[in-house]
Amino acid sequence: MADVTALTFLALCLPLAGALVAPFVIRIFGANGAWFLAIAPLLAFLHFLRFVPAIARGEVVTGGYSWVPSYNLSFSWFLDGLSLAFALLITGIGTLIVLYAGGYLRGHKDQGRFFSFIFLFMGAMLGVVVSDSFLMLFIFWELTSITSFLLIGFDHERQAARRAALQALVVTGGGGLCLLAGLLLLWNISGVTQMSQLMGFGDAVRESPFYLAALILVLGGAFTKSAQFPFHFWLPNAMEAPTPVSAYLHSATMVKAGVYLLMRLNPVMGATPAWEILLPFFGGLTLVVGATLAIRQTDLKLKLAYTTVSSLGLLVMLIGFGSEHAVQAAALYLVAHCLFKGALFMVAGIIDHETGTRDVTTLGGLGRAMPLTWVIALAAALSMAGLPPFFGFLAKEEIYTALTGGDIRALTFTAITVFGNALMFAVAFAVALKPFFGRPVETEKRPHEAPFLLWLGPAVLAALGLLGAIFSNVTHAVLSSSIAAAIRQEPVEIDISLMPHLGGPLALSALTALLGVGVYWQLDRTRFLMAIFLRAAGRGPDHGFDLAISGLVRFAGHLMRVLQPGRLQIYIACTFLCVAAVLIIPPIVYGELPHLPAWPADVRLYEWAVLLIAAVGLVAVLVARDRLTAIVSLGIQGFAVAIIFLLFGAPDLSFTQFMVETLAVVILALVMTRLRLSPDDRRPLGRRLFDGGLALACGLGFTLLLLRATQAPFNDALTVFFNTYSKTIAHGANVVNVIIVDFRGTDTLGEIAVVAVTGLAILALIRIRAGTERKLAANDPAVETEGR
């Protein structure tokens with residue numbers, strides 16, 4: 001078990017190690033460095049592949065290291081069918097993406113930086129899906145947002161890339177904060193901080209009065225990450241990233257994180273009216289919106305991006321249904337989508353790389369020049385369209401089996417699914433057929449077949465989509481059934497094969513194909529009609545995001561001008577107002593005002609004299625006409641307090657007070673003399689009254705605090721401790737010195753550091769002033785202006 005834990009930890013660290021060495025490997029080997037870098041995700045893939053037999057038998061693999069045991073915080077992981085499937089997809093497709101990027105970005109000046117970012121992204125996503133600890137999950141969740149920001153904005157010299165990166169970070173990062181709050185609520189409800197333990201608290205979570213709040217917060221994190229309406233707009237804009245990022249982002253990584261979270265929490269938060277209403281509603285709406293917007297596009301990557309939005313909506317809708325067939329359909333479609341969408345995105349990148357354009361209206365006749373790419377594209381499109389003999393067909397058949405029913409709810413969502421699938425059918429063949437058929441069109445580059453590194457990845461994914469369906473019994477035994485079992489937390493056996501379901505599912509599949517062919521046949525007219533409809537609908541959430549950010553920036557500017565006007569006296573006044581309010585208001589509200597003690601009758605003459613000296617010093621400060629006099633007069637107060645300490649038996653404290661007051665007066669007088677600040681006080685009467693009242697309020701507050709503290713019962717525990725141990729531990733008879741030097745040594749060191757820094761700042765001010773005066777004396781106009 002220790003070996004498994006160590007190896008799993010190493011596998012999780014491999015992408016991070018790849019991020020560290022990537023720039024050096026690319027600098028040494030150039031584009032061929034991709035072969036060496038691909039070893040890291042490949043080794044991680046092989047490590048997780050070892051767990052397939054055990055997971056298929058229903059076992060669970062856990063491990064990790066304790067971090068803060070008192071708070072039940074740990075660096076731990078949890079592998080079941082769901083997390084293992086995601087880990088295999090992330091590392092397996094990640095290996096192909098690394099190789100693909102080596103060919104796609106060959107000769108790019110920042111290729112090393114790109115590989116560092118993609119490995120960090122891979123490591124973050126891998127951490128999300130294997131994390132058992134809530135804390136680990138949240139940290140890696142936010143790391144996916146940060147690393148995707150770096151990847152989407154990779155071409156940071158373009159304004160569109162910067163905007164898309166910022167948009168993705170704001171939307172998904174904000175959702176991450178919602179997720180954090182939701183996880184804290186789940187912690188509060190269940191008392192556990194690990195996903196594996198949370199699975200046993202489903203009834204407690206669903207029956208909790210905080211369930212709805214936790215659900216909404218969790219959905220906020222999942223919906224923003226997986227681009228559910230109305231947060232779908234950031235995902236198509238993320239196409240500003242290089243194509244390898246788009247292929248990886250849409251197939252196996254970031255956008256699937258929200259789907260993974262909903263699948264993981266289905267046993268805990270599912271099977272409630274709120275879950276079964278919100279998820280199908282927003283999932284179905286996202287399915288329709290994504291498919292509709294995909295038809296309108298002419299850019300290959302944008303068409304595929306909007307179908308990803310649509311597919312994510314379909315997955316969320318199926319999770320919301322929660323039935324056994326719906327969960328099986330979600331498991332199958334999850335795998336199918338990863339395979340065909342990764343392949344199609346890489347095909348789109350190949351077309352762009354070899355022709356210089358992705359606009360489907362300016363492409364044609366590429367089949368002769370790029371036959372291998374066309375075959376790969378057609379295979380992936382057949383799977384996306386849900387046609388045999390590809391894995392997408394199995395998923396679509398199971399989807400229609402799950403949705404078939406006689407009630408109005410089932411009929412409504414079945415119609416929505418047929419409509420969305422038909423549009424995705426048309427888009428799939430628009431990507432796979434339009435660029436390759438017809439008369440050859442002149443493009444920016446002369447088209448030719450892509451190099452090996454570019455077509456290897458999509459070829460492998462398309463082939464897996466074919467083999468996975470042909471050998472479906474093996475696929476279900478080692479992967480699909482384990483995913484469904486993890487989602488439902490009970491044994492599930494998927495047995496669907498290429499033999500179609502007779503009856504309703506087959507009829508719905510035929511209807512989907514028929515509608516898809518019709519849309520494809522009238523694709524240009526459909527695109528035109530969609531453009532008219534969307535133009536009439538007005539600007540969408542993407543424009544709303546710009547308005548929200550612009551309003552936030554304006555609000556922040558106005559707020560800053562109010563809170564940070566640049567005047568020190570306002571900052572100081574606000575600080576002392578808060579101090580006075582904190583000291584005075586709570587005792588009044590909670591009835592904790594101290595009892596005023598009677599004036600002592602045995603005050604001696606010399607004690608009256610000290611009090612008189614303090615009063616004279618106070619009057620001298622108030623009537624002083626310049627700051628230097630006020631500083632010296634203020635020292636009288638400090639000396640009077642030091643004498644009081646001496647009279648009441650605290651000579652050490654008195655000596656310290658004498659030293660501090662002396663140094664303070666000397667340093668401040670020196671500064672005032674050298675800086676030559678305004679010698680008189682020009683505040684108007686109203687300002688003086690306000691400052692005086694504020695000073696009295698603060699003084700009153702501290703007086704009430706001290707009186708209340710002295711009237712509380714005296715606890716001599718510290719006194720006994722210091723008297724007992726000052727000599728035996730610190731070897732000092734002077735208890736005060738021992739407290740300052742030993743028991744409070746770090747505190748004293750901090751105070752000394754503050755004094756030292758203050759002295760250095762004062763010295764710098766004096767030197768700057770002196771240097772400016774010398775330059776002014778030389779009558780240098782430029783320097784004179786600077787000094788002023």
Side-chain angles (χ1 to χ4, degrees), residues 572-619 621-622 634-661 664 689-727 729-730 732-748 750-751 754:
I572 294 176
C574 290
T575 301
F576 282 112
L577 275 173
C578 293
V579 170
V582 168
L583 292 174
I584 296 176
I585 295 176
I588 296 175
V589 172
Y590 294 102
E592 294 292 334
L593 288 172
H595 303 291
L596 294 178
W599 188 264
D602 57 345
V603 180
R604 296 175 176 83
L605 181 61
Y606 56 83
E607 293 172 347
W608 280 109
V610 174
L611 292 176
L612 181 61
I613 293 172
V616 170
L618 175 62
V619 173
V621 171
L622 294 176
L634 190 61
I636 299 174
Q637 300 260 352
F639 288 132
V641 173
I643 295 173
I644 293 175
F645 290 155
L646 182 63
L647 293 177
F648 284 86
D652 292 336
L653 190 58
S654 176
F655 176 74
T656 303
Q657 180 74 15
F658 275 121
M659 295 297 296
V660 169
E661 286 298 330
L689 293 175
F690 174 81
D691 291 345
L694 183 58
L696 290 174
C698 289
L700 175 62
F702 280 109
T703 301
L704 294 176
L705 176 65
L706 291 174
L707 286 174
R708 190 70 181 86
T710 55
Q711 291 173 5
F714 181 69
N715 188 339
D716 64 347
L718 287 177
T719 304
V720 173
F721 174 83
F722 289 132
N723 288 334
T724 303
Y725 294 107
S726 62
K727 204 163 188 177
I729 294 179
N734 190 317
V735 178
V736 175
N737 288 349
V738 169
I739 292 173
I740 294 174
V741 176
D742 294 287
F743 291 111
R744 285 182 49 208
T746 305
D747 186 21
T748 305
E751 294 173 353
V754 170

Would you compute the distance between atom [atom1] of [X] and atom [atom2] of [Y] and round it to the nearest 0.5 angstrom?
X      : Y      : atom1 : atom2 : result
Leu705 : Thr710 : CG    : OG1   : 9.5 Å
Phe721 : Asp716 : CZ    : CG    : 13.5 Å
Glu592 : Arg708 : CD    : CZ    : 4.5 Å
Ile588 : Leu583 : CD1   : CG    : 11.0 Å
Glu751 : Thr746 : CD    : OG1   : 11.0 Å
Ser654 : Ile644 : OG    : CD1   : 10.0 Å

Heavy-atom closest pair, residues [X] and [Y]:
X      : Y      : answer
Gly701 : Ile584 : CA-CG1, 3.8 Å
Ala640 : Val610 : O-CG1, 3.5 Å
Ser726 : Val738 : CB-CG1, 3.8 Å

Sub-4.5 Å side-chain heavy-atom contact between [X] and [Y]:
X      : Y      : value
Ile613 : Ile636 : yes
Ile739 : Phe722 : yes
Pro587 : Leu704 : no

Practice task
Would you indicate whether Phe690, at its atom CZ, is surrounded by more than 12 heavy atoms from other residues, nucleotides or ligands within a distance under 6.0 Å?
Solution key: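 Buried by this count: over 12 neighbours within 6.0 Å.
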
Problem - Over 12 non-hydrogen atoms of neighbours within 6.0 angstrom of CZ in Phe658 - result: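 Correct, the count exceeds 12.
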
Problem - Check: Val641 main-chain N/O paired with Gln657 side-chain donor or acceptor under 3.5 Å - result: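 The answer is no, because no donor-acceptor pair under 3.5 Å joins these two groups.
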
Problem - Phe645 ring center near Phe655 ring center (under 6.0 Å) - result: no

